[in-house]
Amino acid sequence: MEEFMLENADRYKTLVNGFKPAPASKKAASETTSASSDIIVATRIRPMLADETTAGFPESVFRRGDTNTVDIHELRRPVRGLPTLNSSSYTVDQVFGPYTSTSTIYKSLVQPLVPWAWGGGVGTLFSYGQTGSGKTFTVSGLERHVGDTLMSGTLEGERKVYMCIIELAGQTAYDLLNSRKQISILEDSLGTTQLAGALEHHITSLDSWIEYVNIAASLRKTESTFKNDTSSRSHAICRIRIENPALPSADDGLLYLVDLAGSEAARDRSTHDASRMKEAREINTSLSVLKDCIRGRALIDAEALSADGGKQAKKAYVPFRQSTLTKTLKHVFDPAGARSLKTVVVACVNPCLADVGASKNTLRYAELLRVVVPKAEAVEYDPFIPTTWDNAQLRAWIDTSSGTPAVSSSILTPLETGPQLLRLPVPEFLARCLKTSGVSKEQAQAFQTKFWKLHIDSKKRSESKITSKEAPALAGGSGSSTREKAPSRLELMNSSVDPEPGAASIPFKQRIRPGMVVSYNAPPVWSSTTNLVPVKQLAVVLCPATAVNARVKDMQGVQVNPGTTGTEQAEGDDSEKRKPERYLCSMVLPGIMPGSYGIGLWHQGTVDVDQMEAEVVLEYDPATRFYYMAV
Ligand SMILES: Nc1ncnc2c1ncn2[C@@H]1O[C@H](COP(=O)(O)OP(=O)(O)OP(=O)(O)O)[C@@H](O)[C@H]1O
């Protein structure tokens, strides 16, 4: 095939020079969808390398004028006659041609992620592409620019910056800042991913930043391939954690710079042995899972913040547990997390005609990452729905609703709209409030909760409005009177409310069931053994203590059902005696948002029925991914 390309290089160049793209379809103007603003997908076309030019290969990847469209041309070998041109085009959010510097790319794509992470958000950069397309060249250049910005002292406030660089090869992880020592990727009992065994370095100067980046680069596992002598067959993840000492309980900002393993060109594979083929399969699987995770998470975020309550958005799935790469980057994908995210993907392409197939695959992948969400229609302003507020409406609300002294709206939201403020990382929200003189941490926190609560309540209201609108249609046809449609059992699954009709009229102790949330008045048995403080002494009932076997122990290691050692089961036909008096429960833990809760599924203890005070209804909020108490 390469011979055919070289033989027909001149004809190919003539055909490419005469290429005229089809006129842009009118569809774009009338589009009802747009790419999600939380994820930017860009393409960088690297320059031709000397060996490619010397071999006589022409270029095959071109930016179309100043647009965000890339044209790829290849030669088609017809059955009869002269070769013809086969062209395809791909559209992404930004295109950088072969002469664009890394510094320009930094300014336009990555620089905004730095203050985002500085303010407590999660920013992630992925460089993706075929082997030898310039991924490592791009990431290593960007790493230096990030270090420059972080260490420049120009960002507001005091922060502590920590760096950790790891490499993932298949299922195995190594610490690139500790002599490539093997480490483990673990999830702790609160569901947080831990890079167990990896060293984290406190970075205080640009020199030490560069030193660590260089150490990692030199240790990066490389294995020669046909295409690129220093090809990396592993993913490298540089994680920057940014601590804000002024808000010790707030989430740390995170910045991930990820140099993905090369997605190889088909022609390279022919020279590989079985282990290299297995490696290639593993890489391709992890890249495919990554694509699903990026898309899924962006769809979920778009859905949560849409003014229509996400009714138009498709239901998304984020399979982050399906690969070590996405498990490691759990913060970036986990739909149950509440972090504000910004993601940038740079799809690197090699312009050489010899690699045209791989370039097409890379750009196809890039296009798939562009999550299309329903275009924001001009929504009618509603004083109770923050997602409908423009900047002026939001500022007017802040001026009147943020307490005394009022939080300065020009500091908190100089430009933001309601939906944008909802996306702001909580630590950044609080830090901005605290800039108004006289505003205390407590006031800032209470105001942040108030804003979120308004949003959550508005979503609940919009859901119930839709339900009641649907009711006549469902009742219609029979001519029956318009009844409000009762929520189905499935719809009730977002709440701990008893799904049985009429349950509210039965005292809660007579209908204790798995999933019921109760408040109780005894000192929590687990607080002495853990630093996690249960919230308001709430617990989720799992099952009667008598239902579990002798092996089951609570958090203190105490046997939950002491009656399971033998005799009691043989004796028991007296149902009164067997009636459970205590229940195995999971602890309800404080959430990240003020007023929010999480459920510590594995933080289990027993609660006596006598100690239970009342049933409490917790509702799950998909926007923040926490539970809130229903009023
Ligand atoms: N924008 C660029 N300008 C100049 N040279 C570049 C550019 N991008 C890449 N190169 C050169 O191309 C070669 C391959 O780049 P690089 O090693 O970054 O590819 P890669 O995609 O990381 O490959 P692999 O997946 O095999 O690791 C290197 O010699 C690099 O210096």
Side-chain angles (χ1 to χ4, degrees), residues 1-2 5 35 39-49 52 57-64 67-75 86-98 100 102 105 109 124-139 141-142 225-228 230-236 257-269 279-295 323 325 343-371:
M1 188 63 189
E2 284 183 10
M5 288 174 187
I39 150 159
I40 296 175
V41 181
T43 288
R44 180 181 207 184
I45 306 166
R46 80 142 156 77
M48 290 284 282
L49 299 182
E52 294 161 343
F57 286 109
E59 283 174 74
S60 66
V61 184
F62 302 87
R63 180 178 186 187
R64 188 184 294 174
T67 68
N68 292 330
T69 298
V70 174
D71 290 307
I72 299 193
H73 307 292
E74 57 190 320
L75 266 186
N86 189 19
S87 304
S88 38
S89 64
Y90 303 86
T91 300
V92 290
D93 300 314
Q94 289 190 48
V95 179
F96 300 99
T100 309
T102 303
I105 295 175
L109 291 181
T124 310
L125 165 95
F126 292 103
S127 83
Y128 171 85
Q130 70 234 53
T131 293
S133 59
K135 298 180 299 297
T136 304
F137 183 91
T138 302
V139 172
L142 293 172
T225 67
F226 183 80
K227 195 63 210 123
N228 180 8
T230 56
S231 165
S232 17
R233 308 299 300 142
S234 57
H235 308 295
L257 301 165
V258 186
D259 182 4
L260 294 166
S263 56
E264 280 182 282
R267 71 189 185 117
D268 299 340
R269 286 188 199 137
E279 191 182 53
R281 261 198 313 275
E282 271 175 2
I283 291 171
N284 287 339
T285 304
S286 67
L287 295 174
S288 165
V289 173
L290 175 69
K291 177 191 77 214
D292 293 342
C293 289
I294 292 178
R295 284 185 59 80
S323 85
L325 171 68
T343 304
V344 170
V345 181
V346 183
C348 298
V349 279
N350 169 356
C352 181
L353 182 60
D355 261 312
V356 68
S359 301
K360 284 168 69 178
N361 286 340
T362 298
L363 285 165
R364 223 175 271 140
Y365 184 95
E367 275 198 334
L368 285 172
L369 291 177
R370 291 183 80 220
V371 171

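Keep in mind it's a predicted model, so treat the numbers as computed, not measured.
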Checklist entry - Using a distance-only test with no angle check, is there a side-chain donor-acceptor pair under 3.5 angstrom linking Arg44 and Thr102? => result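 A pair is found: one side chain offers a donor N or O, the other an acceptor, under 3.5 Å apart.
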Next on the checklist: For a quick check under 3.5 Å, do Gln130 and Ser359 share a side-chain donor-acceptor pair by atom type?
Outcome noted: yes
Checklist entry - Between Tyr128 and Tyr365, how do the two ring planes meet: parallel, tilted or perpendicular, split at 30° and 60°? => result parallel
Exam field: side chain [X] to backbone [Y], donor-acceptor pair closer than 3.5 Å:
X      : Y      : value
His235 : Ala261 : yes
Asn68  : Thr91  : no
Arg46  : Gly132 : yes
Ser60  : Pro351 : yes
Arg63  : Thr67  : yes
Ser288 : Asn284 : no

Checklist entry - Going through the checks in order, is the side-chain contact (heavy atoms from CB on, under 4.5 Å) test met by Asp259 and Leu257? => result CA-CA 7 Å; Asp259 182 4; Leu257 301 165; over 6 Å; no
Checklist entry - Going through the checks in order, is the side-chain contact (heavy atoms from CB on, under 4.5 Å) test met by Leu260 and Leu325? => result CA-CA 9 Å; Leu260 294 166; Leu325 171 68; 3.7 Å; yes
Point-to-point distance, once rounded to the nearest 0.5 Å, from [atom1] of [X] to [atom2] of [Y]:
X      : Y      : atom1 : atom2 : value
Leu368 : Arg370 : CG    : CZ    : 11.0 Å
Arg295 : Leu369 : CZ    : CG    : 8.0 Å
Gln94  : Ile40  : CD    : CD1   : 6.0 Å
Ser88  : Asp71  : OG    : CG    : 8.0 Å
Thr69  : Tyr90  : OG1   : OH    : 12.0 Å
Leu287 : Asp292 : CG    : CG    : 11.5 Å

Indicate the atoms forming the closest heavy-atom contact of [X] with [Y], along with that distance.
X      : Y      : result
Asn350 : Asp355 : ND2-OD2, 2.9 Å
Leu109 : Val344 : O-CG2, 3.5 Å
Ser87  : His73  : OG-ND1, 2.7 Å
Ala347 : Thr362 : CB-CG2, 3.9 Å
Ser127 : Val139 : OG-CG2, 3.2 Å

Checklist entry - With sequence neighbours left out, what residues match Glu367 under side chain to side chain donor-acceptor pair (under 3.5 Å)? => result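 None.
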Checklist entry - Can you list the steps and then say if Thr138 with Lys135 is a side-chain contact (heavy atoms from CB on, under 4.5 Å)? => result CA-CA 5 Å; Thr138 302; Lys135 298 180 299 297; 5.9 Å; no
